[in-house]
Amino acid sequence: MLEGIEAGTRAAELLAKGAPLQATLDVADPREWLALDAGVREIAWYRPQLLPEWEHSHPLPTDLTQLDESRLALALCHRDGRIRQEALVQSVRYPGLLPLVVIRCADWAAPVRELAQDLLRAALDVGSALELAPLILRVGHRGRGAVGLDLLGRTLRRASHGQLAVLFSAPDRTVRRFAYRLAVEGRLLPPAELARVAAQDQDTVVQDLCATAALAACADLAARGDAEAYESVLAPLLSARNPRTRSAGVTALRRAGHSQQAERFLGDRSGVVRACARYVVRQRGDDPVAWYRERCMAWVDTELPPGAVIGLAECGTRADAALLLPLLMHPVTGVRARAVAGLRALDCGDMERLRPLLDDTAAAVVRETAVSLLPHAKELPADWLLERTDRERPRHVRVGAFRLLDARGGIVALRAAVGLLEDPDVKLRAWAAQSVQRWHPSPDGRRGDPEVGELLDRCRHLFSDYVLRRRKWEAGVGS
């Protein structure tokens with residue numbers, strides 16, 4: 001917001017000197033109008049000499065009829081409500097000032113606010129509503145901005161699909177959400193297009209809104225027996241990158257009578273999609289656990305989807321750990337990582353089997369291994385872990401080993417953290433510094449250990465003198 005105010009003050013200074021409004025602001029950008037409004041008040045309070053004489057004269061002028069567009073824009077942002085109110089009356093001479101009328105619709109002064117709302121109500125049509133929608137939506141989130149939102153909604157409900165489509169591709173996600181809500185309420189989009197939007201839009205709110213509307217429309221298609229149209233809706237949903245959208249499509253397979261297609265989603269990379277696929281498969285009368293077991297038994301298969309491995313853990317039993325153990329050596333990184341996660345989910349993680357995976361070439365495998373070994377951090381050999389924090393080791397190995405050492409606590413954690421303060425990786429150095437700063441002696445640690453004092457002295461730049469003395473006192477070492 002500070003950058004906006006500074007930009008607004010610069011714009012206000014230019015307008016005060018008579019610069020044209022179009023050359024001073026990007027009139028299509030709502031942020032610039034809001035910045036101007038804030039910038040004029042900033043100048044009026046702290047640098048009034050930069051504004052025209054009438055801006056800070058006493059008594060206040062009552063005749064603003066001679067002001068041009070640029071100076072009338074300043075008057076619409078004036079700190080005195082009487083000036084703003086009179087400027088609103090004069091603003092009808094300049095349609096380009098309508099964005100400032102929108103801002104005044106949320107004004108704190110009731111007479112100003114009510115007059116601005118009347119002017120906006122008279123001026124707003126579908127064309128101007130499309131142009132002003134980004135600004136109205138921003139102002140609408142203010143405490144007194146609800147009237148503007150209501151006016152925008154009522155106006156745009158009269159818009160056609162083609163007119164409203166301008167807002168569907170707006171860079172502002174708030175605008176897209178508003179436009180798609182209106183389109184869904186007015187049933188302006190066919191189910192297939194709603195499904196396509198749900199699959200392609202980057203905003204999760206738009207995805208959910210359109211996917212829900214598409215599936216609701218599917219019920220009518222199914223009732224009419226329009227199988228082809230139903231397929232045109234399901235295909236985009238099932239191929240969507242977003243898991244929530246895919247899961248909606250998978251759930252709809254049952255209603256479409258295509259439950260058998262849900263099987264191929266049992267090994268999906270997303271947990272929510274796998275869960276929906278299992279539901280559809282069970283409703284059909286099949287057992288998803290058998291499907292998972294069949295695929296995990298063929299552990300040499302390089303085409304084994306990683307989702308099938310973790311899927312077995314999600315719905316299997318502890319006895320299925322025997323199928324996951326061989327997968328710890330699978331050539332595919334994702335399979336090894338999901339096998340580690342699956343054993344953890346089944347509470348069958350064997351520390352001795354998992355330890356070698358802390359040296360795995362894949363960061364995902366080491367990350368899952370470190371998480372699985374955290375409950376056993378104190379049982380792991382300290383020297384073995386410290387060796388893996390050496391700068392010659394790959395970064396992901398150093399990170400995994402340090403995570404376990406940090407969880408272990410005590411002097412071993414301090415030793416590892418101090419050693420990593422000069423690590424070549426910036427993030428790991430920062431993590432090590434944080435670990436040192438929050439370090440405290442373990443209750444069961446040996447008091448008076450001189451190594452603790454030496455280690456703390458090596459990183460005294462991370463503490464104030466008081467905190468350093470406090471840490472040493474807790475550890476029973478001299479200052």
Side-chain angles (χ1 to χ4, degrees), residues 309-310 313 318 321-322 324-330 333-425 427-447 449-456 458-459 471 474-475:
V309 179
I310 189 65
R318 297 192 69 187
L324 299 183
L325 286 172
L327 299 178
L328 296 176
M329 306 301 294
H330 198 275
T333 294
V335 172
R336 294 199 304 278
R338 296 299 184 274
V340 175
L343 289 170
R344 182 173 68 247
L346 293 172
D347 195 21
C348 293
D350 185 330
M351 184 177 68
E352 292 306 317
R353 284 181 177 269
L354 293 178
R355 267 182 59 182
L357 292 175
L358 203 62
D359 293 318
D360 197 277
T361 56
V365 178
V366 174
R367 184 165 53 248
E368 293 290 355
T369 302
V371 174
S372 296
L373 290 176
L374 277 176
H376 310 285
K378 292 184 181 295
E379 303 167 34
L380 294 169
D383 292 341
W384 181 81
L385 288 174
L386 284 168
E387 286 176 12
R388 277 144 187 79
T389 62
D390 188 88
R391 64 175 60 193
E392 300 302 322
R393 301 275 183 166
R395 179 190 182 275
H396 62 273
V397 173
R398 302 201 305 278
V399 169
F402 181 60
R403 184 173 188 177
L404 294 167
L405 286 163
D406 190 44
R408 184 188 183 101
I411 188 173
V412 174
L414 181 61
R415 191 184 300 142
V418 173
L420 287 171
L421 290 176
E422 298 179 358
D423 192 89
D425 184 78
K427 291 185 178 180
L428 193 48
R429 287 202 305 269
W431 184 15
Q434 293 170 359
S435 177
V436 170
Q437 289 172 326
R438 65 172 179 262
W439 181 85
H440 289 274
S442 298
D444 55 351
R446 180 167 66 93
R447 286 182 57 80
D449 189 339
E451 185 185 0
V452 173
E454 295 172 6
L455 292 170
L456 290 174
R458 284 174 56 185
C459 53
R471 290 288 188 277
E474 291 176 7

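All of these numbers come straight from a predicted model, not from anything done at the bench.
- Applying the ring-ring contact (aromatic ring centres under 6.0 Å, His included) definition to pairs two or more places apart or across chains, those involving residues 388-416 are Phe402-Trp431.
- Applying the salt bridge (charged side-chain N to carboxylate O under 4.0 Å, His left out) test to every pair with at least one member in residues 400-419, sequence neighbours left out, gives these pairs: Asp406-Arg438, Arg415-Glu451.
- In terms of the side chain to side chain contact (heavy atoms under 4.5 Å, CB included) criterion, Ala430 has no residue partners (sequence neighbours excluded).
- Distance NE2/His330 to CZ/Arg338: 13.5 Å, rounded to 0.5 Å.
- The two residues Val365 and Thr333 have their closest heavy-atom pair at CG2-O, 3.7 Å.
- Under the 4.5 Å side-chain criterion, counting only non-hydrogen atoms from C-beta, Leu455 is not in contact with Val436.
- Residues Ala432 and Leu420 approach most closely at CB-CB, 3.7 Å, considering heavy atoms.
- The distance from the CG atom of Asp423 to the CZ atom of Arg398 is 4.0 Å, given to the nearest 0.5 Å.
- A pairwise comparison of heavy atoms in Leu328 and Arg336 identifies O-CD, 3.3 Å as the closest pair.
- Every pair passing side chain to side chain donor-acceptor pair (under 3.5 Å) that includes a residue from residues 375-391 is listed here, sequence neighbours excluded: Asp359-Arg388.
- Evaluation of the salt bridge (charged side-chain N to carboxylate O under 4.0 Å, His left out) rule for Arg395 yields Asp425 as partners, not counting sequence neighbours.
- Looking at residues two or more places apart in sequence or on another chain, you find a side chain to side chain contact (heavy atoms under 4.5 Å, CB included) between Glu474 and His440, Pro441, Arg470, Arg471.
- In this structure, Trp439 contributes its side chain and Gln434 its backbone to no donor-acceptor pair below 3.5 Å.
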Residues 341-349, side-chain donor-acceptor partners within the protein, below 3.5 Å, at least two apart:
unit_1, atom_1, unit_2, atom_2, d
Arg344, NH1, Glu368, O, 3.2
Arg344, NH1, Glu368, OE1, 3.2
Arg344, NH1, Ser372, OG, 2.8
Arg344, NH2, Glu368, OE1, 2.8

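- No side-chain heavy atom of Leu358 sits under 4.5 Å from any side-chain heavy atom of Leu380.
- Side chains of Leu357 and Val366 form no contact here, defined as non-hydrogen atoms less than 4.5 Å apart.
- The local environment of CE in Met329 is sparse, with at most 12 non-hydrogen atoms from other residues, nucleotides or ligands closer than 6.0 Å.
- Summarising the geometry of Ala407 relative to Ala377, their closest heavy-atom pair is CB-CB, 4.2 Å, with the distance given to 0.1 Å.
- Scored by the side-chain hydrogen bond (donor to acceptor under 3.5 Å, both in side chains) test, Asp449 finds Arg446 as partners (sequence neighbours excluded).
- The two residues Ala382 and Leu405 come nearest to each other via the heavy atoms O-CD2, 4.3 Å.
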